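Sequence lines set the chain letters: A, B, ... in the order given, protein chains first and strands last, and positions in each chain run from 1. Keep in mind that the numbers below use all heavy atoms, side chains included, and drop hydrogens, waters and symmetry copies. Keep in mind that what you see is a predicted model, and the values were worked out from it rather than measured.
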Amino acid sequence: MSILHILQGKTIESLGALYERSFTENDFQVNQTKPEFEGDYTIVLFSLVKSLKLSPDAIGNQLGEHLTKNNPELFTGFNIIKGFLNLAVANEYWLDLLQKNYNDICFGKQAMNGKKVMVEYSSPNTNKPLHLGHLRNNFLGWSVAEILKANGYEVFKSCIVNDRGIHICKSMIAWKMFANGATPQSTHTKGDHLVGEYYVKFNDEYKRQVKELVDKGVVEAEAEKQAPIMLATQQMLQDWEAGKPEVMELWKKMNGWVYQGFDVTYKNIGSDFDKTYYESNTYLLGRKTVEEGLAKGVFVKDADGSVWIDLTNDGLDRKIVQRKDGTSVYITQDIGLAQQKYEEYKINQSIYVIGDEQNYHMKVLKLIAEKLKLPNAENIYHLSYGMVELPSGKMKSREGTVVDADDMVDEMIATAKQHTEELGKVKDFTAAELGSLYRTIGMGAMKFYLLRVDPKKKMIFNPEESIDFHGFTGPFVQYTYARIKSILRKEQLKEGITMEAGLLKLEKEILVTLEQYPSIILQAAKELNPSVIANYVFHVAKVFNSFYAEHSIANAESETKKQLRLQLAIMVSNVLKSGMHLLGTEVPERM
RNA sequence: GGUCCGGUAGCUCAGUUGGAUAGAGCAUCAGCCUUCUAAGCUGAGGGUCAUUGGUUCGAAUCCAAUCCGGAUCACCA
């Protein structure tokens, strides 16, 4: 329970005693006091004026009087300015907070609550390597899972691999046509990149063939259907569905290359999964759903045999759920999988980390689940995030502007190396230490960069300006942590020393900030928003840095002051480490 | 066209259950390393919170209209 909540409770108490009616926390507002005014927390009095028929100053005086008189151990004074009641919180409260929590590495986290959540994220296609957009997805998913764990949920991370379908056949056809049997080994290329090359080659060749046909006088729409490479791809998809051995063999071989490549990338960026689903195994799940839907009268069958759901009454469209040839479409498979997840893990909530271009799809998914009265329907939640765009607009593979995930990682680590060398810090470390330090800093910078903005909003990434290492960044926070650790290696904390009662402004500011960590973790989970953590962790580091520049810990004014500051530093380092962990980011002991 | 999302400093973003003079970072400028790591600290300049109207003690925040940008509306996934 934070001082803010305590103050709310005490205010309700005091108001009740003063005016002999009951009040709730909605009757007034409590904020942190603005720095230009005296006090720590502020009660806004205007909303009470009407119902009490008293002036703001009169209410403020009576309330301030009552609060300080009845809770001297909490509130030591007050002032009223233009309808705002500013209260000063007793130093003892802050010192007590420090004593109790400075060494608790679990500070801010909740005990297990018995609820289970699944977070589905990453979910790649096996026809091309991961790019910057996937990185945002991966970091978000991992971080949200961690934030939920910190709030007491049991979390399962899952991934659905889109490993079948026409787009997969495209790279297979192109490989057959152009690769001459090239393999990752023979070309020294990462498997996912190799397969991605042939996906690009498919599109080039396809475009060429369409143009050829158009030049011969074929209408463009017709040419797109008739292009031989497209016909061959469609044939391959049919062969795949029929289980034709040579197609299956090629499919397994090429997917195997991609998985090897993904494994490397996932390991690099720290993504992991408790359960991986493969669409090649789940794409038939929808059939049962369709049968159920028809039986319940939620779906209708058209004359040609295709099955539909009418969502026009819900403001949406009529959606197909099964093709006339009896195969299921994407949405139906997803419903089947949603059901399977629920049955397998008995989850209370199912979170899908998917880009906002699928908002409509996910809305339909949830709506159909509701109409089918599936038990998990209301637990489906789409964590929708915006695209990562370039200053010139969307990334386009056609124009070669796609920022590759592996390249990005390498570049960040290289930048970390360059910065460290420029600062002349290299001599303090062994080669092995440097390797892991560059990785920690580079990945920290990148993850922080992609997580510090609200997931809902699209974000712009400028490849010209490399990701910053100063200011509101991961390395800034890491650096603050490393400096604290450096002090803690030199100075010993002594047990049993009586704390000094006085608190300097900056010392108190640190404590006020640290106290908010539990509610920040709560808010981040409620909003499923890691940027809340990023903003907070940065704020903590900033406040500590201001203190650090102003006051010395090792050479404090007195021994008791030194011990107090050591405890403060320890608590700050714990919160920084904990918060950065929620963002999937490590903190270095030295940098 | 329907639906949804967004528009805050030169740039990238916070702030939106209505509260005091709208905040950070980057960039620009001026300072601070013989004292715990300067990847740091202190300060300055920089704003019609897209526009207009409304609601009220009070609006970046709520409502309405308009303008601009984006996503989506496949027998693709």
Side-chain angles (χ1 to χ4, degrees), chain A residues 26 29 31 33-34 36-37 42 44-47 49-50 56 81-84 86 123 125 127 162 164-168 279 283 302 304-308 315-317 319-325 327-331 333-334 355-361 363-364 384 386-387 389 391 393-394 416 419-420 422-423 425 428 441 445 449 452-454 456-462 465 468-480 482-491 531-532 534-535 538-539 541-542 544-556 562 565 569 590-591:
Chain A
N26 297 324
Q29 207 175 56
N31 301 327
T33 303
K34 302 249 168 199
E36 56 270 33
F37 300 97
T42 297
V44 184
L45 301 164
F46 293 105
S47 49
V49 168
K50 220 175 220 170
I81 299 169
K82 291 198 296 180
F84 297 88
N86 304 317
S123 303
N125 293 338
N127 63 344
N162 299 307
R164 50 138 259 131
I166 194 81
H167 55 297
I168 307 299
E279 200 195 304
Y283 82 109
D302 269 14
D304 66 357
S306 57
V307 181
W308 298 74
L316 304 175
D317 306 274
K319 294 287 292 186
I320 191 159
V321 293
Q322 189 178 67
R323 300 187 190 94
K324 64 187 173 204
D325 63 7
T327 57
S328 65
V329 295
Y330 176 41
I331 190 107
Q333 297 164 27
D334 269 3
D356 63 5
E357 74 272 17
Q358 297 206 36
N359 284 353
Y360 181 78
H361 170 81
K363 205 165 152 185
V364 171
S384 164
M387 315 224 115
E389 291 183 6
K394 290 172 79 170
H419 278 254
T420 309
E422 278 169 14
L423 289 166
K425 300 197 172 191
D428 304 332
I441 297 172
Y449 181 86
R452 69 182 195 183
V453 312
D454 186 338
K456 288 194 297 293
K457 296 192 180 175
K458 71 176 182 203
M459 61 182 296
I460 295 177
F461 171 73
N462 189 349
E465 310 162 8
D468 227 303
F469 282 57
H470 304 271
F472 184 20
T473 67
F476 175 94
V477 179
Q478 291 171 326
Y479 179 69
T480 307
R483 282 209 302 202
I484 293 175
K485 282 299 177 176
S486 169
I487 296 169
L488 296 178
R489 277 191 294 274
K490 291 171 195 155
E491 301 296 333
S531 79
V532 170
N535 278 286
F538 171 63
H539 181 63
K542 222 160 83 85
F544 183 83
N545 283 340
S546 294
F547 166 80
Y548 178 95
E550 191 94 7
H551 307 286
S552 176
I553 294 174
N555 300 313
K562 179 168 162 182
R565 289 181 183 167
R590 294 193 293 146
M591 75 182 271

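Between A:Asp454 and A:Lys456, at least one side-chain N (NZ, or NE/NH1/NH2) sits under 4.0 Å from a carboxylate O, which counts as a salt bridge.
Phosphate proximity of B:C41 to A:Asn545: present, with a side-chain N or O under 4.0 Å from OP1 or OP2. For A:Ser486 and B:U37, the shortest distance from a side-chain N or O to OP1 or OP2 is below 4.0 Å. Phosphate contact (OP1/OP2 of B:C36, side-chain N/O of A:Lys485, threshold under 4.0 Å): absent. Taking 4.0 angstrom as the limit, A:Ser546 places a side-chain polar atom (N or O) nearer than this to OP1 or OP2 of B:U42. Listed pair A:Tyr479 / B:A39 meets the phosphate criterion, a side-chain N or O lying under 4.0 Å from OP1 or OP2. Contact annotation: A:Lys458 side-chain N/O to B:G6 OP1/OP2 distance is not under 4.0 Å. Considering only side-chain N and O atoms, A:Arg323 lies nowhere under 4.0 angstrom from the phosphate OP1 or OP2 of B:A74. One finds a side-chain N or O of A:Arg483 lying less than 4.0 angstrom from the OP1 or OP2 phosphate oxygen of B:A38.
Within the nucleic acid shown, A:Lys456 has no heavy atom closer than 4.0 Å to any nucleic acid atom. Residue-level contact check: A:Ile320 touches the bases, meaning some heavy atom is under 4.0 Å from a base atom. Contacts of A:Thr42 with the nucleic acid, taken as non-hydrogen atoms under 4.0 Å apart, include base atoms. Note on A:Val453: only backbone sugar-phosphate atoms sit closer than 4.0 angstrom, heavy atoms only; bases stay farther off. Contact annotation for A:Ala549: backbone-only contact, meaning every heavy-atom pair under 4.0 Å involves sugar-phosphate atoms and none involves a base. A:Thr420 comes within 4.0 angstrom of a base, heavy atoms only. In this structure, A:Met591 reaches the bases: a heavy-atom distance under 4.0 Å links it to at least one base atom across the strands shown. Within 4.0 Å (heavy atoms only), A:Phe84 reaches at least one base atom of the nucleic acid. At the heavy-atom level, A:Glu491 lies nowhere under 4.0 Å from the strands shown. Within the nucleic acid shown, A:Ile441 comes within 4.0 Å of at least one base atom, counting heavy atoms only. If you check every strand for non-hydrogen atoms under 4.0 Å, A:Ile553 touches a base.
You cannot call A:Tyr360 stacked on the base of B:C4; the centres under 5.5 Å and planes under 30° rule is not satisfied.
With A:Arg323 contributing its side chain and A:Val329 its backbone, the two residues share no donor-acceptor pair below 3.5 Å. Put simply, the side chain of A:Asp325 gets close to the backbone of A:Thr327: a donor and an acceptor are under 3.5 Å apart. A:Ser486 places no side-chain N or O within donor-acceptor distance of the main-chain N or O of A:Ala482, the cut-off being under 3.5 Å.
Among the duplex regions that RNA chain B forms, those built from at least three successive Watson-Crick or G-U pairs under 3.5 Å are B:1-7 with B:67-73, B:10-13 with B:23-26, B:28-32 with B:40-44, B:50-54 with B:62-66, ordered by first number.
Taking atom P on both nucleotides, B:A65 is separated from B:C5 by 14 Å, rounded to a whole Å. Across B:U3 and B:U8, the matching C1' atoms stand 26 Å from one another, rounded to whole Å. Going from the C1' atom of B:G45 to that of B:C29 covers 8 Å, rounded to whole Å. Rounded to a whole angstrom, the distance from the C1' atom of B:G10 to that of B:U28 is 10 Å. Taking atom P on both B:C4 and B:C41, the two are 44 Å apart, rounded to the nearest angstrom. Going from the C1' atom of B:U16 to that of B:C62 covers 10 Å, rounded to whole Å. On the C1' atoms, B:C33 is 48 Å away from B:G70, given to the nearest whole Å. Using atom P as the reference point in both B:A44 and B:G25, the two lie 12 Å apart (nearest Å).
In this entry the distance linking CD1 of A:Ile487 with C1' of B:G40 reads 12 Å, nearest Å. Straight-line distance from the NE2 atom of A:His539 to the C1' atom of B:C13: 17 Å, rounded to whole Å. Rounded to an integer number of Å, the gap from A:Glu550 CD to B:G43 C1' is 13 Å. Rounded to a whole Å, the CG atom of A:Leu488 is 13 Å from the C1' atom of B:U37. Separating the NZ atom of A:Lys363 from the P atom of B:G2 is a distance of 15 Å, rounded to the nearest angstrom. We find that CG of A:Asn555 is positioned 11 Å from P of B:U35, with the value rounded to whole Å.
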Enumerate the protein-to-nucleotides 22-27 of chain B contacts in which both atoms are nitrogen or oxygen and the separation is below 3.5 Å.
{"from": "B:G25", "atom 1": "O2'", "to": "A:Phe472", "atom 2": "N", "distance (Å)": "3.3"}

At a cut-off of 3.5 Å, list every protein nitrogen or oxygen paired with a nitrogen or oxygen from nucleotides 54-62 of chain B, distance to 0.1 Å.
none

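For A:Asn162 and A:His167, the side-chain atoms include no donor-acceptor pair closer than 3.5 Å. Side-chain contact check for A:Asn545 and A:Thr480: at least one donor-acceptor pair (N or O, by modelled atom type) lies under 3.5 Å. Looking only at atom types and distance, the side chain of A:Tyr360 has a donor-acceptor partner in the side chain of A:Asp317 under 3.5 Å away.
Positionally, the nearest nucleotide of RNA chain B for A:Phe461 lies more toward the 5' end than for the other of A:Ala482 and A:Phe461. Each of A:Phe37 and A:Asp454 lies near RNA chain B, and the nucleotide nearest A:Asp454 is the one positioned closer to the 5' end.
Taking every side-chain heavy atom of A:Tyr548 into account, B:U37 is the closest of B:U37, B:A20, B:C75. The side chain of A:Leu423 approaches B:A39 more closely than any other nucleotide in the set B:C75, B:A39, B:G40.
Taking the centre and axis of the six-membered ring of A:Phe472, the NZ or CZ atom of A:Arg452 falls inside the cone set by 45° and 6.0 Å.
Side-chain atoms of A:Asp304 come within donor-acceptor range of the base of B:C75, with a qualifying N/O pair under 3.5 Å. On a pure distance criterion of 3.5 Å, a polar donor-acceptor pair joins the side chain of A:Asn86 and the base of B:A20.
With values rounded to the nearest 0.5 angstrom, A:Ile553 atom CD1 is found 9.0 Å from A:Glu491 atom CD.
Note: A:Tyr449 and A:Phe461 have perpendicular aromatic rings, judged against thresholds of 30 and 60 degrees for the angle between ring planes.
Base orientation at B:C33 is syn, since its O4'-C1' glycosidic dihedral falls within 90° of 0.
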